[in-house]
Amino acid sequence: MVKKAYSVETKLACIEWFHSVLKSETFYLHKWRNLTKDSITEIVKNYIIFYNETRIQQKLNDQSPIEYRKLVALEVFSLVPLLGCSAYC
C-alpha cells in the first residue's frame, strides 16, 4: 500500500517539476500578452519538442537527448560483436 502511494507521489512530483521548468523557461522569461488557448497550446508543444530533443541536460553529461541516444547506440552496437551476438551483426 505504501509503495503505491510513493509511486503516485513520485509521478506527481515529476509532473510538478516539469511544469515549473516549463513556466520558468517560457512564460516567465517573456512578457506574454493576449495569449489565446491555441497560442498557449502551441508554445507548450514547441517546448516539449525542444525539451525532448535539443535542450542540453546535465543528467545526460551536458548533451541533448538526441546526442546522448546516438552516443549510447554507438556504444551498444560497438559491443555487440564482442558479446558474440551474431543475430545483430
Side-chain angles (χ1 to χ4, degrees):
M1 197 73 144
V2 174
K3 194 171 189 177
K4 287 183 181 180
Y6 176 75
S7 178
V8 171
E9 289 172 3
T10 303
K11 290 177 185 176
L12 290 176
C14 291
I15 293 168
E16 289 176 9
W17 175 82
F18 180 78
H19 188 250
S20 172
V21 171
L22 169 70
K23 289 190 303 184
S24 65
E25 291 187 1
T26 57
F27 296 104
Y28 294 158
L29 289 178
H30 306 285
K31 301 275 187 216
W32 300 99
R33 300 199 189 282
N34 303 325
L35 290 176
T36 64
K37 183 179 176 183
D38 292 335
S39 63
I40 293 172
T41 302
E42 193 64 30
I43 290 168
V44 171
K45 283 181 181 179
N46 289 336
Y47 182 77
I48 290 172
I49 292 169
F50 165 74
Y51 186 87
N52 287 331
E53 295 179 5
T54 58
R55 182 178 183 263
I56 302 299
Q57 299 184 22
Q58 287 182 338
K59 65 183 176 185
L60 301 178
N61 297 327
D62 295 323
Q63 299 174 356
S64 72
I66 289 180
E67 291 171 342
Y68 185 77
R69 287 183 203 126
K70 287 179 183 176
L71 180 66
V72 170
L74 286 174
E75 290 176 1
V76 167
F77 285 115
S78 68
L79 293 176
V80 168
L82 298 175
L83 299 174
C85 301
S86 60
Y88 297 106
C89 299

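None of the values given here were measured: they were computed from a predicted structure.
- Proximity of a side-chain donor or acceptor of T54 to a complementary backbone N or O of F50 within less than 3.5 Å is detected.
- The distance from the CD1 atom of I43 to the CG atom of D38 is 11.0 Å, given to the nearest 0.5 Å.
- Judged by distance alone, the side chain of S24 and the main-chain N or O of S20 form a donor-acceptor pair under 3.5 Å.
- Side-chain contact between Y47 and F27 is absent, with no heavy atoms from C-beta onward closer than 4.5 Å.
- A pairwise comparison of heavy atoms in Y51 and K59 identifies OH-NZ, 4.4 Å as the closest pair.
- The salt bridge (Lys or Arg N to Asp or Glu O under 4.0 Å) test applied to E25 returns R55, not counting sequence neighbours.
- Under a hydrophobic-cluster definition in which Ile, Leu, Val, Met, Phe, Trp and Tyr are linked whenever side-chain heavy atoms come within less than 4.5 Å, directly or via other members, L35 and L22 are assigned to the same cluster.
- At most 12 heavy atoms of other shown residues, nucleotides or ligands fall within 6.0 angstrom of atom OH in Y28.
- Cluster annotation: I49 and I56 are assigned to distinct hydrophobic clusters (Ile/Leu/Val/Met/Phe/Trp/Tyr, side-chain heavy-atom contacts under 4.5 Å, transitive).
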Can you give each donor-acceptor pair under 3.5 Å made by side-chain atoms of residues 60-72, sequence neighbours left out, with the distance rounded to 0.1 Å?
residue, atom, partner, partner atom, Å
S64, OG, E67, N, 3.2
E67, OE1, S64, N, 3.1

